[in-house]
Each structure stands twice: as C-alpha cells, then as structure tokens.
Amino acid sequence: MDTTSLISEAKARFNHNSAKAYLKDKYDSKLIVADQSGLWKADLQTITFLSIMDDNFVILIDTFNNPVQVNRDKLLVLLKETYNQVMLEWYKEWKELESKR
Amino acid sequence: MSRGALLFAFNSPKYNYYEMAVVTAKRINHFLGLPVTLVTDSESLPVKQSYQFDNIVIATADKTNKRDWGVWYNKGRYRAYQFSPYDETILLDTDYMVNSDKLLKTFDLPTDFCCHDNTSFLMHPGAAQEMLSVYSFNTLWATVVMFKKTKRAEQIFNCLEMVQNNFEHYANIHGFISATFRNDYGLTLATRIVNGHTTPIEDVIPWNLLHVGKNTSVYRNNNDEYNTEYTVMFDNWQRGKIRKEYINIKDMDFHVMNKENFMELISE
C-alpha cells in the first residue's frame with residue numbers, strides 16, 4: 001500500500017508541531033561547522049559578532065567552550081555561506097510542510 | 001589516512017542482522033562514500049553473497065545476553081577497535097538508516113572518540129533523556145560511534161570490555177538492572193572511567209540521535225533503493241482512543257528501535 005492510501009485509510013492527521021520539531025532538529029545540526037580547530041554554529045549571534053569586529057584575528061568561544069583564535073574573515077565567509085544555504089533549505093521544506101492539511 | 005564504517009551483525013533466531021547490515025552498508029557506500037567492514041560469524045554469512053563488503057571479519061558471537069523478545073547477540077562491541085582496519089572509523093548499529101552525508105562531519109570534530117548523548121524521538125518532542133538510573137547520569141548511545149586509532153580510543157574500548165565483564169557490579173553501583181547487557185550503558189561507564197569520571201563535551205556528537213520509538217512506524221514514500229523520503233505515523237493515545245498522526249521527513253538519518261519496522265523498511 002502506498003503512503004497516500006495509508007494516510008487516507010488511517011484517517012491520519014498531519015501533525016504540524018512534530019513537523020516543526022523535526023525540521024528544527026534537522027537544520028540546527030546542519031548549522032554546525034568545524035573550522036580553524038574549533039566547532040562553530042552559523043547562528044545570528046556569531047555572524048553578527050564577526051561582522052562588527054574589524055581585527056583580522058579574534059578570539060571566540062566555540063561550541064565546546066574552548067577559546068579559539070580565528071581568522072575573522074575566513075570564518076565569517078564560511079558561516080554566512082552555511083547560514084544562507086541551510087536557511088534556504090529549511091524555508092523551502094517548511095513551505096512544503098506548511099501547505100499540508 | 002583511511003576511513004571506513006564498521007558493522008556488527010550476528011543473526012539471532014528472530015532477526016536476520018546480516019540482511020540489515022547489507023542494506024545499511026549499501027547506504028553507507030552511497031551517502032557517505034565509505035567502505036564497510038562487517039563483523040559476523042560463519043553461521044550468519046549466507047553461502048551466496050549478493051553484496052561485496054570491503055572486509056569481512058569472522059568472529060564468535062557471545063550468545064549469553066537475553067532480552068524480553070529472545071537472545072540478543074550484542075556483546076563484544078569492544079572488539080570494534082581491534083577489528084577496524086581503518087585509521088578513522090564510524091561504528092554503526094545495523095538498524096541505523098543512513099539518508100544523508102551528515103555522519104562525515106564526525107571526522108572533522110576535534111576529538112578521537114565521540115558518540116551521542118542526546119536523543120530525540122520522531123513525533124515525540126520533549127521525550128525525557130534516558131538515564132542509567134534515577135540516581136545516576138544520562139546515557140551515552142552506542143548506536144553511532146566515531147573513533148580514531150589512538151591510545152585513548154583503545155583505552156575506552158578496553159574499558160568497555162572490563163565493564164561488560166563486570167556489568168553486575170556496575171549495575172549495583174549505579175542502580176540499574178543488569179539482567180540485559182546494553183552497550184549504551186557499557187559505553188557510558190567506559191567513557192567516563194577513561195576520562196576521569198567525566199564526559200568531556202568534545203566526546204559528544206553535537207546533534208541529536210533521532211530515534212523512531214514506540215507507537216511510531218516509518219514507511220517508505222517510494223521503492224527506490226536509496227529512497228530518503230518517509231512517512232512517519234504515530235499512534236497518539238487520547239482518552240482511551242488512538243488518533244493517527246503523521247509527518248513527512250526526508251534526507252534525515254534515523255535509528256529504528258523496532259526491528260520489525262526496520263525489516264519492513266528494507267524489504268523489497
């Protein structure tokens with residue numbers, strides 16, 4: 001039996017909250033990148049901090065709580081690329097799920 | 001620097017783990033681009049093999065572990081370090097459904113050993129994390145382990161052997177039931193012992209292990225060999241009645257706890 005018939009026969013309802021939780025789990029993990037001996041999350045806070053600093057090298061606390069000296073530009077480019085790519089995929093999949101009833 | 005995956009598969013009277021391992025190995029080849037070494041026994045190995053593993057290690061299965069549904073050949077996982085021919089290894093349970101290249105990230109982590117300490121259940125958000133006991137600490141998960149050939153990683157696996165051999169003793173200390181040996185518990189204790197009774201944050205894979213738990217079933221959306229789209233159905237009990245709920249997932253790795261469901265997923 002294909003899944004469409006299965007859903008219809010079971011009179012199953014699409015669960016938006018679970019779908020949201022699944023998407024968050026999936027894409028949160030994709031925001032994590034390893035670079036310059038540290039592990040980073042391409043989140044707004046880190047990207048904003050790297051954007052407003054103007055030194056070539058800055059010291060940041062990575063997700064393992066270790067201070068790491070990084071090349072600011074290099075990390076910023078990587079995190080922005082990761083952020084844009086992951087958020088675009090997240091948004092696209094969310095739009096697909098949102099339309100389900 | 002060689003990289004690969006390692007699977008343990010000893011057929012039990014109830015489940016064909018070799019068959020599960022073949023499907024998982026193909027998916028590892030496809031999504032992770034890694035060769036796979038299988039650890040099995042001669043009884044589990046079919047005469048005619050449809051799939052060529054990178055290596056097959058013949059070992060003796062320890063058949064002394066029992067579970068509610070029968071005999072569970074899960075002991076001896078500590079031999080992973082000895083059996084892996086790779087410098088960097090991903091050790092996986094055979095019922096882990098690989099749907100993406102996400103596990104490759106574990107090689108980039110600044111550590112020589114890591115596994116999951118956090119889980120989430122599909123369609124069961126907010127489920128409590130498992131603990132060894134209410135008086136003890138959170139469980140690490142042996143479902144996915146990345147290790148490199150280092151002294152420390154070797155010590156962890158040696159310690160896992162010691163914990164397995166003295167499981168009742170550790171069960172008494174930590175207040176859990178020792179009747180069934182669990183690699184998750186063994187690994188939790190071994191990792192902590194080797195790290196001076198702590199779990200370093202670096203030894204933890206920085207995302208959740210996704211489980212398909214009880215009252216939940218997964219169905220393939222199509223019959224492609226490397227399908228990555230699934231429908232997840234959950235029986236939500238409300239006021240004595242079941243309300244069926246579902247979501248669709250894609251490109252997401254998950255661990256199927258229900259072996260029957262995993263066998264259905266991989267059947268032709």
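To find a chain, count down the sequence lines: A is the first, B the second, and so on, and within it residues start at 1. This structure is a prediction, so every number in the text was calculated from the model and none was measured. Heavy-atom basis, side chains included; hydrogens, waters and symmetry copies ignored.
- Note that OH of B:Y219 and CD1 of A:I7 are 10.0 Å apart. Values are rounded to the nearest 0.5 Å.
- Of all residues spanning residues 26-34 of chain A, those with a heavy atom less than 4.5 Å away from chain B's heavy atoms are A:K26, A:S29, A:K30, A:I32, A:A34, arranged by number.
- The parts of B:M123 that come within reach of chain A are both its backbone and its side chain, each placing non-hydrogen atoms under 4.5 angstrom from that chain.
- Of the atoms belonging to A:A21, it is side-chain heavy atoms, and not backbone ones, that fall under 4.5 Å from chain B.
- For A:Y91, the OH atom sits in a loose shell: 12 or fewer heavy atoms of surrounding residues, nucleotides or ligands are nearer than 6.0 Å.
- Minimum heavy-atom separation, B:I247 to A:S18: CG2-CB, 3.9 Å.
- Sparse packing is recorded around NZ of A:K20, with 12 or fewer heavy atoms of other residues, nucleotides or ligands lying under 6.0 Å away.
- Salt bridge present: B:K250 and A:E96 bring a charged side-chain N and a carboxylate O closer than 4.0 Å.
- Contacts of B:V232 with chain A are absent, with no heavy-atom separation under 4.5 Å from either backbone or side chain.
- Scanning all heavy atoms of the two residues, the minimum distance from B:E245 to A:N15 falls at OE1-ND2, 2.7 Å.
- Within residues 38-56 of chain A, the residues having any heavy atom closer than 4.5 Å to a heavy atom of chain B are A:L39, listed by residue number.
- When the heavy atoms of residues 206-218 of chain B are compared with those of chain A, the residues falling under 4.5 Å are B:P206, B:W207, B:N208, B:L210, listed by number.
- Comparing B:D251, B:L122, B:V204 by heavy-atom pairs within less than 4.5 Å of chain A, the highest count is held by B:D251.
- With a 4.5 angstrom heavy-atom cutoff, B:N236 does not touch chain A via any of its atoms.
- For B:H124, the NE2 atom is loosely surrounded, since the number of other residues' heavy atoms within 6.0 Å does not exceed 12.
- Using a 4.5 Å heavy-atom cut-off against chain A, the contacting residues of residues 100-116 of chain B are B:K102, B:K105, B:D108, B:L109, B:P110.
- Of the listed residues B:T231, B:I249, B:N222, the one with more heavy-atom pairs under 4.5 angstrom with chain A than any other is B:I249.
- Put simply, the side chain of B:K244 does not reach to within 4.5 Å of the side chain of A:K11, judged on heavy atoms.
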- request: Under the side chain to side chain donor-acceptor pair (under 3.5 Å) rule, what do B:E202 and A:N66 come out as? Steps first, then yes or no, please.
  value: CA-CA 10 Å; B:E202 287 88 348; A:N66 296 319; 2.9 Å; yes
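- Scanning all heavy atoms of the two residues, the minimum distance from A:Y22 to B:N248 falls at CE2-O, 3.6 Å.
- Counting heavy-atom neighbours within 6.0 Å of A:Y83 OH, excluding the residue itself, gives a total of 12 or less.
- In this structure, OG1 on A:T3 lies 9.0 Å from OH on B:Y246, to the nearest 0.5 angstrom.
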